[in-house]
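A quick write-up on the structure given underneath.
Letters A, B, ... mirror the listed sequences (proteins, then strands); counts begin at 1.
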Amino acid sequence: MRIATWNVNSLKARLEKVEWWLERAQPDVVLLQETKLADDDAPHLPFRMAGYELLHHGEGRWNGVAIASRVGIADPVANFGDGPVRDSSAGAGSGETAEEDFDPFDEARMVSATCGGVRVVSIYAPNGRVVGSPFYTGKLAWFARLRRWLDEAADPGEALVIGGDFNVAPADDDVWDPRAAHGGTHVSPEERAAFGALLEWGLTDAYRGLRPEPGRYTWWDYRAGNFHKNYGMRIDHLLATAAVARRVVAAEIDREARKGKPVPSDHAPLFIDLDTPGELIDAGWDSAAGRIAARQAKDLAPRQAAGPGPRSG
DNA sequence: ATGTCCCAGTCTCTGGGA
């Protein structure tokens, strides 16, 4: 069983790329983030044509999470079960997300279901923008809500996977240059502690558990050729309870999906294989990835810290 | 390199978010 997660940066704009990747990677379950669609606009038919059911939780213009599965979808939960979120497609304008209006619990950032015997949770954590800002405080509060949901609605003994865009690089090895990112969001001690609180509950970083090498990322800024320089961050994760983690036999980030035309998302898909390695896993998903990472390790000699720091989705 | 991409509305450009 192959479980993937992918921040697609608009499912509408990325539909062709997503269809290509479903055919390429043959995932059984895909957790999607930043669909940027209202539920009424979710593309159920193309997924159905590819053999997948689609569970979508969106608000319109921003955010939006989904689960695509070809092994069934049961017991859906949206937004931690806290009720409907704001419709960001209607009346959106300047001030819509002004600081005083920001409420991460009023945005479509969580959807869950049971697929093929595994409860999966697709999450899109708030970005945080600037350390110390109300958006950053809201990000930390959102992570606390996620942890509380685990405490109240889940059990560390069950088969569960939380995947998505956490907007947190858990360790310095998860950032292209820790000095460049220092002082910014995604790497602050508080954000890493919020991530750690999820592990503490009973989850394992399924990718890192199997793949210790540095220099492998899931997000690269569109600008400045950052992807080709491998200036990225590992901020998308698949966290698994022990019942799932012990079954993980492979983990990969598919950098090929971050390349070429039509224009890709700024995130690459990440996936894990349970019990049986996928047919394509041994073919190599990007033979250049290791070479780039090795070159980057040498490049980590003196470099000026970048000014504004990274901004990721 | 302030370097790109996506969205909706003010709609062939702009502003906001990542």
Side-chain angles (χ1 to χ4, degrees), chain A residues 5-18 32-43 56 58-66 85-104 106-109 123-131 133-139 142 164-169 175-177 180-181 184-188 191 217-236 255 257-269 299 303-313:
Chain A
T5 183
W6 194 5
N7 179 324
V8 293
N9 186 17
S10 169
L11 186 52
K12 181 181 179 183
R14 221 64 63 201
L15 190 55
E16 183 181 335
K17 203 89 177 181
V18 170
L32 299 165
Q33 301 85 37
E34 282 207 87
T35 64
K36 297 185 177 179
L37 292 172
D39 288 337
D40 287 347
D41 297 324
H56 187 270
E59 63 184 77
R61 185 177 187 179
W62 306 114
N63 313 305
V65 285
V85 298
R86 175 191 60 226
D87 179 358
S88 70
S89 64
S94 62
E96 176 70 14
T97 52
E99 293 186 3
E100 61 270 22
D101 295 333
F102 178 65
D103 180 355
D106 200 23
E107 300 177 335
R109 296 183 175 278
I123 67 154
Y124 173 49
N127 174 285
R129 302 195 193 180
V130 177
V131 172
S133 70
F135 302 99
Y136 175 82
T137 305
K139 178 180 188 175
W142 187 89
D165 179 357
F166 288 67
N167 270 316
V168 174
V175 182
W176 84 100
D177 184 347
T185 56
H186 300 62
V187 301
S188 72
E191 289 163 275
Y217 309 125
T218 63
W219 169 86
W220 303 259
D221 196 303
Y222 279 119
R223 294 168 291 187
N226 276 7
F227 175 69
H228 297 288
K229 291 185 284 193
N230 200 31
Y231 289 1
M233 296 196 292
R234 194 176 71 94
I235 56 175
D236 300 85
R255 290 179 81 257
R258 179 61 175 75
K259 301 177 180 177
K261 300 291 181 181
V263 177
S265 169
D266 46 354
H267 296 250
D299 286 349
R303 183 189 305 145
Q304 294 295 324
R311 287 167 293 168
S312 79

[N] to [M] separation - [atom1] atoms, rounded to the nearest Å:
N       : M       : atom1 : value
dC11(B) : dG16(B) : C1'   : 16 Å
dC7(B)  : dA1(B)  : C1'   : 25 Å
dT10(B) : dT14(B) : P     : 15 Å
dT2(B)  : dG15(B) : C1'   : 16 Å
dA8(B)  : dG3(B)  : C1'   : 25 Å

Return the value, rounded to whole Å, for the distance between atom [atom1] of [X] and atom [atom2] of [N].
X         : N       : atom1 : atom2 : value
Lys17(A)  : dC5(B)  : NZ    : P     : 12 Å
Asn63(A)  : dG16(B) : CG    : P     : 17 Å
His228(A) : dG3(B)  : NE2   : P     : 17 Å
Trp219(A) : dC6(B)  : CH2   : P     : 16 Å
His267(A) : dC5(B)  : NE2   : P     : 15 Å
Asp87(A)  : dA8(B)  : CG    : P     : 11 Å
Arg86(A)  : dA8(B)  : CZ    : P     : 14 Å
Asp221(A) : dA1(B)  : CG    : P     : 15 Å

**Asked** Within the structure, does a side-chain N or O atom of Arg61(A) lie under 4.0 Å from either OP1 or OP2 of dC7(B)?
**Response**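 For dC7(B), OP1/OP2 do not have a side-chain N/O of Arg61(A) under 4.0 Å.
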
**Asked** Quick one: is Ser265(A) getting a side-chain N or O under 4.0 Å of the dC5(B) phosphate, OP1 or OP2?
**Response**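 False: Ser265(A) side-chain N/O out of range (4.0 Å or more) of dC5(B) OP1/OP2.
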
**Message:** Do Asn127(A) and Phe135(A) make a side-chain contact, defined as non-hydrogen atoms from C-beta onward lying under 4.5 Å apart?
**Reply:**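 A side-chain contact under 4.5 Å is absent here.
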
**Request:** For Ala13(A) and for Gly128(A), find the nucleotide of DNA chain B with the closest heavy atom, then tell me which residue's nucleotide is more 5'.
**Result:**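 In this pair, the answer is Ala13(A).
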
**Whichever of Tyr222(A) and Lys36(A) has its nearest DNA chain B nucleotide further upstream toward 5'** =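 Nearest-nucleotide comparison on DNA chain B picks Tyr222(A).
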
**Request:** Answer yes if the side chains of Asn7(A) and Glu34(A) hold a donor-acceptor pair under 3.5 Å, and no otherwise.
**Result:**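 Short answer, yes.
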
**Prompt:** Strictly by modelled atom types, are Trp219(A) and Asp236(A) linked by a side-chain donor-acceptor pair under 3.5 Å?
**Reply:**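 No.
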
**Trp62(A) side-chain proximity, nearest of dG3(B), dG16(B), dC7(B)** =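 The nucleotide sitting nearest to the side chain is dG16(B).
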
**Item:** Selected nucleotide, minimal atom distance to Lys12(A) side chain, candidates dC7(B), dG16(B), dC5(B)
**Value:**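 Closest of the options to the side chain of Lys12(A): dC7(B).
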
**Working for side chain to side chain donor-acceptor pair (under 3.5 Å), residues Glu191(A) and Thr185(A)** = CA-CA 8 Å; Glu191(A) 289 163 275; Thr185(A) 56; 4.8 Å; no

**Request:** Could you tell me whether Arg255(A) sits above the aromatic face of Trp220(A), with NZ or CZ closer than 6.0 angstrom to the six-membered ring centre and within 45 degrees of the axis?
**Result:**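 Yes, cation above the ring, under 6.0 Å and within 45°.
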
